[in-house]
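Have a look at the structure below before the remarks.
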Number of protein chains: 4
Amino acid sequence: MSADPGVPARTTRGERTAARLRAAARAVFADRGYAAARVEDVVAEAGVSHGTFYTYFENKAGALDALIDETAGQLQAVVDEPWEGTDVLTTIAAVIDRFVDVFSQHGDVVRTWLEASAHDQHFRDRLREVRTGYVERVAQNLGPALDSTPHDPQVAAAALVAMVEGYATQGMTSDDEEQRASVVRTLASIWFGGLLRLMDPSTS
Amino acid sequence: MSADPGVPARTTRGERTAARLRAAARAVFADRGYAAARVEDVVAEAGVSHGTFYTYFENKAGALDALIDETAGQLQAVVDEPWEGTDVLTTIAAVIDRFVDVFSQHGDVVRTWLEASAHDQHFRDRLREVRTGYVERVAQNLGPALDSTPHDPQVAAAALVAMVEGYATQGMTSDDEEQRASVVRTLASIWFGGLLRLMDPSTS
Amino acid sequence: MSADPGVPARTTRGERTAARLRAAARAVFADRGYAAARVEDVVAEAGVSHGTFYTYFENKAGALDALIDETAGQLQAVVDEPWEGTDVLTTIAAVIDRFVDVFSQHGDVVRTWLEASAHDQHFRDRLREVRTGYVERVAQNLGPALDSTPHDPQVAAAALVAMVEGYATQGMTSDDEEQRASVVRTLASIWFGGLLRLMDPSTS
Amino acid sequence: MSADPGVPARTTRGERTAARLRAAARAVFADRGYAAARVEDVVAEAGVSHGTFYTYFENKAGALDALIDETAGQLQAVVDEPWEGTDVLTTIAAVIDRFVDVFSQHGDVVRTWLEASAHDQHFRDRLREVRTGYVERVAQNLGPALDSTPHDPQVAAAALVAMVEGYATQGMTSDDEEQRASVVRTLASIWFGGLLRLMDPSTS
DNA sequence: CATGAATGAGCTTTCATTCAT
DNA sequence: AATGAATGAAAGCTCATTCAT
């Protein structure tokens, strides 16, 4: 801020423009949906010209790809961080908490991504890849406990993840910190209880 | 406009054409997605002319609306039928089974609906309305058991429904009867175990 | 009315349908204009089916042609009837009165006709033909008086006719009998005074 | 929508294109009529692409609106300029001369305008507004002379204006300067004589 | 005579993308 | 780096007209 004036800005003009465009694309996609969003809307929001958009992205899909790059990493990180906690419930709550956290920051991108997947093979592929990644990781952590049961860890993991993803993408997580914590607790309890039940041989 | 799309088909010939168009629209939307689907694709699939499409639907959205009319009723029926069974687990399994059943028949329409919701307020409204309807009904059936716990029945119901909806919407493409039954069993166990856990005061 | 029941109706079913269609076409053309009027509107107004329209008219233009047939005769009759009166002013007033009378009954058709003329050669031709017809007749009646003046009887006739036609087609003639008579008096005075002036050599 | 058709042409290149489009629209409307004119005809005439048309006009009606903007001002100016002359006849002749002059330049737009009025409320409204404007002005200038007569200045003004407008709109295609002057003289004489006659109490 | 479902040419309009400046 | 005028391929949608019933 008050740093050496002789040093060039840490963010060049180009970088700032690119950042403005990404933010604008994100806002416009969230607001109108990917299909209905026009490049015109994005550049208007960013306050740049039409041509500039194409200096930074190959096309409209390229802008979404850039947003997905950021988001995908965050999502994978949620499940890649060590599953540590004093007990299983606490561990699960921590994972879900991180998940909800990422969604509260990147839910708009995920929703756009889901929409685009419906009519664009490329985004469908990226989605499957990322989903497979974190469902796989969840299954790895749940798996051992289900070894001797008839339940497929992949199915269980996919179901539990779908629950969190569905809950979060439907925009049901509020900004109220209190309420968010309560939701996380409920979701974690369902995961935990569901897992215990799965492990109970009488249900097989 | 030339014919009122709300009151089509005064003859059986007309009804046959309308049915062909609905089936075609459904297939095309499922195949290419709503945004990418062209009216031309639909009429080609249905084997009728361009103009005929507009005899039966006001526009592309009208065709999806017609499909949603059918699907929404089925979805609500799943939870409106009596929740009866020899025990809770069986009851829940029956509901989930009906849910999965409806999705295996109407999943394509739901996926289209979800996509369209992203950029069309009208479909977003219809989705919210229908979802609220069946989540409400699930909450009514789960509610009493959670009365003395800190868990909100609406949140629990929404989460459990999101799990089934998410799972069914994403994968669930297998026609293998065996595997489907296994998935239903796993999902039901998670619901049941999750609910037991929610009812356990030690989790509050 | 109470005539011999053995005798077939003086208006056959077909004639009645044709009359209903003409009336409907006239009303719809007047209401929406020729270009914006749809055959659909006409048949709806007439209470018949699409196909029936084409039993009675070759196409949309044919319907207007049928209306023009009636109107053109009336217009020509206005100037073809003997120009008789106690004096010139009375004579002119009588002609203008007949003119205004025909317009109050057929003005809607004329307006449609004028509109269609703008983009359809056929109606332009019919209009020129009819206009030439009655301007010619007016010129014949005014002509002798202007023989020794520099004024072209055709120009004078066209101008005076344009005045009445313009005034009438602009929908300025009210239904109030009192007011209509007053307008006719004013128009007749202008014709008369205008002609006197034209005959005055000092204006040449 | 991509550009605000109300604020086009930020550059001279843009202004040239807009002017070419206006000229092309005017020519095409005059040639084929408003209803039959296609945007494709206009852009072909202007030598630009389809999309460019929509950069400058909201739609076909917008193009006509732009032409009317120019024309309406000219028409009003005809009667707003001071009614000065050595005598009444000269004054009237000057006004009519200006009127005929404007029509020889803008008659094509007026004819298109009249046609469009028949099926488009917007143009009907604009026409009524402009006509009321200049008829009012004419009435103001004629009015005093008719004060003590039973003739309504509005009616007289409307009739005289209708005469010039009708004559100019219909024929008046001659480029012959000689003939144009002769027509103006005849029209002026009719106005003048008509007015004198109106002022003569014996006609009331 | 009458019907109305079906046709399809034709027109308007949109918007991602390019490129001369 | 940035601009914005221009492009043109695509759709969407309309409606006069036909024809099997």
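Quick caveat, the model's predicted, so the values are computed rather than measured.
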Inset, instruction - Give me the residues of residues 51-58 of chain A where at least one heavy atom lies under 4.0 Å from an atom of DNA chain E, by number, or none. - result: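 Within this stretch, A:Gly51, A:Tyr54 sit under 4.0 Å of the strand.
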Inset, instruction - Answer yes if the side chains of D:Ser49 and D:Thr52 hold a donor-acceptor pair under 3.5 Å, and no otherwise. - result: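 On atom types as modelled, these side chains qualify, holding a pair under 3.5 Å.
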Inset, instruction - For C:Val48 and for D:Glu40, find the nucleotide of DNA chain E with the closest heavy atom, then tell me which residue's nucleotide is more 5'. - result: C:Val48
Separation of [N] [atom2] from [X] [atom1] (nearest whole Å):
{"X": "A:Asn59", "N": "E:dC15", "atom1": "CG", "atom2": "C1'", "answer": "13 Å"}
{"X": "A:Asp120", "N": "E:dA16", "atom1": "CG", "atom2": "P", "answer": "14 Å"}
{"X": "D:Arg38", "N": "E:dG10", "atom1": "CZ", "atom2": "P", "answer": "9 Å"}
{"X": "B:Arg16", "N": "F:dT21", "atom1": "CZ", "atom2": "P", "answer": "10 Å"}
{"X": "B:Leu21", "N": "E:dA5", "atom1": "CG", "atom2": "P", "answer": "13 Å"}
{"X": "B:Glu15", "N": "E:dA6", "atom1": "CD", "atom2": "C1'", "answer": "16 Å"}

Inset, instruction - Would you mind classifying the nucleic acid contact of A:Ala37 as base, sugar-phosphate or nothing, using non-hydrogen atoms under 4.0 angstrom? - result: sugar-phosphate
Inset, instruction - Report which part of the nucleic acid B:Ala36 touches: base, sugar-phosphate, or nothing (heavy-atom distance under 4.0 Å, all strands). - result: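 It contacts nothing in the nucleic acid.
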Inset, instruction - Could you walk me through whether A:Phe29 and A:Val109 pass side chain to side chain contact (heavy atoms under 4.5 Å, CB included), step by step? - result: CA-CA 8 Å; A:Phe29 289 163; A:Val109 174; over 6 Å; no
Inset, instruction - State whether the number of non-hydrogen atoms from other residues, nucleotides or ligands found under 6.0 Å of C:Gln121 atom CD is greater than 12. - result: yes
Inset, instruction - Tell me, yes or no, whether the heavy-atom count around D:Arg38 atom CZ, taken from other residues, nucleotides or ligands under 6.0 Å, exceeds 12. - result: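 Count over threshold, so yes.
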Legend entry - Nucleotide-level pairing of DNA chain F, given in dot-bracket where Watson-Crick and G-U pairs need both distances under 3.5 Å and | marks other strands: .||||||||||||||||||||
Legend entry - Close side-chain approach of C:Arg126 to C:Asp69, heavy-atom, < 4.5 Å: yes
Inset, instruction - Check whether any side-chain heavy atom of C:Phe57 sits under 4.5 Å from a side-chain heavy atom of C:Asp65, and report yes or no. - result: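 When only atoms from C-beta onward are counted, C:Asp65 and C:Phe57 do not touch, as no gap falls below 4.5 Å.
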Legend entry - Shortest non-hydrogen separation from C:Val110 to C:Thr71 and the atoms involved: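 Scanning both residues completely, I find the closest heavy atoms to be CG2-CG2, 3.9 Å.
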Inset, instruction - Grab the two heavy atoms, one from D:Lys60 and one from D:Ala35, that are nearest each other, plus how far apart they are. - result: NZ-O, 3.4 Å
Inset, instruction - Examine F:dT7: is either OP1 or OP2 under 4.0 Å from a nitrogen or oxygen in the side chain of D:Ser49? Give yes or no. - result: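 Yes, such a contact exists.
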Legend entry - Phosphate-side-chain proximity, A:Thr17 and F:dA1, N/O vs OP1/OP2 below 4.0 Å: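 Answer is no, no contact under 4.0 Å.
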Legend entry - Listed nucleotide nearest any side-chain atom of C:His50, set E:dA16, F:dT18, E:dT17: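 The listed nucleotide nearest to C:His50's side chain is F:dT18.
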Inset, instruction - Please work out which of the three classes, parallel, tilted or perpendicular, describes the rings of C:His119 and C:Tyr34, given edges at 30° and 60°. - result: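 Ring orientation, 0 to 90° scale: parallel.
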